[in-house]
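Following: one structure in structure tokens, then a few remarks.
None of these values were measured; they are calculated from a predicted model. Side chains included, hydrogens not; waters and symmetry mates left out as well; all remaining heavy atoms used.
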Amino acid sequence: MKSHLKSLAGFLSAILAFYAGSVSAQTLVQNNNAFAYSTVLFTGQSFLTPDDGTPDLMTGFTWLDMSNAPMGSGSLYLLNQEYLGAPSGITSASGLLATSSAYSSGSYSFGSGVVLAPNTYYWVYNSTSQQIGNTIGNAYANGFYYSSSASGTNYTMNIGGTDATFAVTASAIPEPSTYAALAGLAALGLAAWRRRCRRA
């Protein structure tokens with residue numbers, strides 16, 4: 001029986017690997033080439049998703065430094081509307097869509113299930129203060145930079161053309177045919193597993 005379970009586990013792992021390969025993450029939105037670090041602040045940034053007619057699964061977000069290297073700390077909060085309260089109140093903010101896991105391996109991870117609609121604005125805010133690379137001169141025209149000097153001080157929007165440097169990664173949502181193929185493979189594997197169990 002144990003060998004049958006190992007076989008089934010191996011088969012399901014193969015299906016998951018196939019699925020992961022079909023939805024590999026790519027950069028969806030980015031603003032880079034920073035000129036300097038900001039002072040140590042609680043940071044926020046809005047961004048606009050591409051107008052390509054298709055939604056995407058958000059897989060991660062990264063703040064970038066002057067060399068476009070990833071940086072970060074704490075957790076990140078994704079909202080569907082602007083937030084001008086204090087960082088300490090972000091967990092109960094109206095419009096909160098998702099909270100990342102703690103910063104790790106160069107990115108804030110959002111797991112699966114966070115769908116970004118096309119041609120839509122989103123906002124991200126940090127739970128901790130840190131240094132972030134910036135661009136000036138409205139280098140990123142599709143968003144605004146927000147900052148707060150303390151956890152109890154409200155965020156303010158910078159209107160001087162400064163933006164944080166960042167990258168949003170996402171993967172395409174598989175077509176229905178992909179789901180059908182995965183379901184078919186799973187059904188075949190389950191049937192084979194049941195036949196083996198009956199023979200044992």
Side-chain angles (χ1 to χ4, degrees), residues 25 27-50 56-170:
T27 301
L28 184 70
V29 182
Q30 70 177 356
N31 180 42
N32 53 18
N33 299 315
F35 79 98
Y37 289 114
S38 69
T39 55
V40 177
L41 298 168
F42 292 84
T43 303
Q45 177 70 41
S46 59
F47 63 90
L48 178 66
T49 54
D56 294 277
L57 291 173
M58 184 175 183
T59 56
F61 183 96
T62 303
W63 300 114
L64 303 172
D65 68 12
M66 290 170 55
S67 302
N68 292 323
M71 61 189 304
S73 63
S75 296
L76 199 73
Y77 299 87
L78 175 71
L79 287 77
N80 62 9
Q81 63 185 55
E82 182 182 61
Y83 176 70
L84 294 176
S88 59
I90 191 75
T91 56
S92 58
S94 179
L96 180 62
L97 298 176
T99 302
S100 77
S101 56
Y103 180 81
S104 177
S105 303
S107 179
Y108 299 92
S109 174
F110 283 91
S112 60
V114 180
V115 178
L116 299 179
N119 196 34
T120 302
Y121 281 100
Y122 293 94
W123 287 256
V124 290
Y125 297 89
N126 236 83
S127 67
T128 58
S129 60
Q130 60 181 10
Q131 289 185 314
I132 299 295
N134 292 130
T135 57
I136 58 173
N138 206 26
Y140 180 68
N142 293 321
F144 291 97
Y145 171 74
Y146 299 81
S147 63
S148 166
S149 59
S151 63
T153 302
N154 288 352
Y155 284 102
T156 57
M157 182 179 73
N158 185 294
I159 57 174
T162 299
D163 286 286
T165 49
F166 67 93
V168 179
T169 54

Quick one: which of Asn142, Thr135, Asn134, Thr165 gives a side chain to side chain donor-acceptor pair (under 3.5 Å) with Asn31?
Thr135
So, does Thr27 use its side chain to make a donor-acceptor pair with the main chain of Val29 at under 3.5 Å?
no
Would you say OH of Tyr155 has more than 12 non-hydrogen atoms from neighbouring residues, nucleotides or ligands within 6.0 angstrom?
yes
Under 3.5 Å, side chain of Asn154 to main-chain N/O of Ala86, donor-acceptor pair present?
yes
In the structure I gave you, are the side-chain heavy atoms of Ser127 and Tyr77 within less than 4.5 Å of one another anywhere?
yes
Side-chain heavy atoms of Leu78 within contact of Val114, under 4.5 Å:
yes
For Ser129, give me all partners under side-chain hydrogen bond (donor to acceptor under 3.5 Å, both in side chains), at least two apart in sequence or on another chain.
none
Side chain to side chain, Thr59 and Thr169, heavy atoms closer than 4.5 Å:
yes
Stepwise side-chain hydrogen bond (donor to acceptor under 3.5 Å, both in side chains) test for Trp63 and Tyr103
CA-CA 10 Å; Trp63 300 114; Tyr103 180 81; over 6 Å; no
Over 60° means perpendicular and under 30° means parallel, so classify the ring planes of Phe61 and Tyr108, tilted if in between.
tilted
May I ask you to decide if the ring planes of Phe47 and Phe166 are parallel, tilted or perpendicular, using 30° and 60° as cut-offs?
tilted
From the list Leu57, Val168, Leu97, Asn80, side chain to side chain contact (heavy atoms under 4.5 Å, CB included) with Leu116 holds only for Val168
Using side-chain contact (heavy atoms from CB on, under 4.5 Å), reason through Val124 and Thr43 one step at a time and then give a plain yes or no.
CA-CA 8 Å; Val124 290; Thr43 303; over 6 Å; no
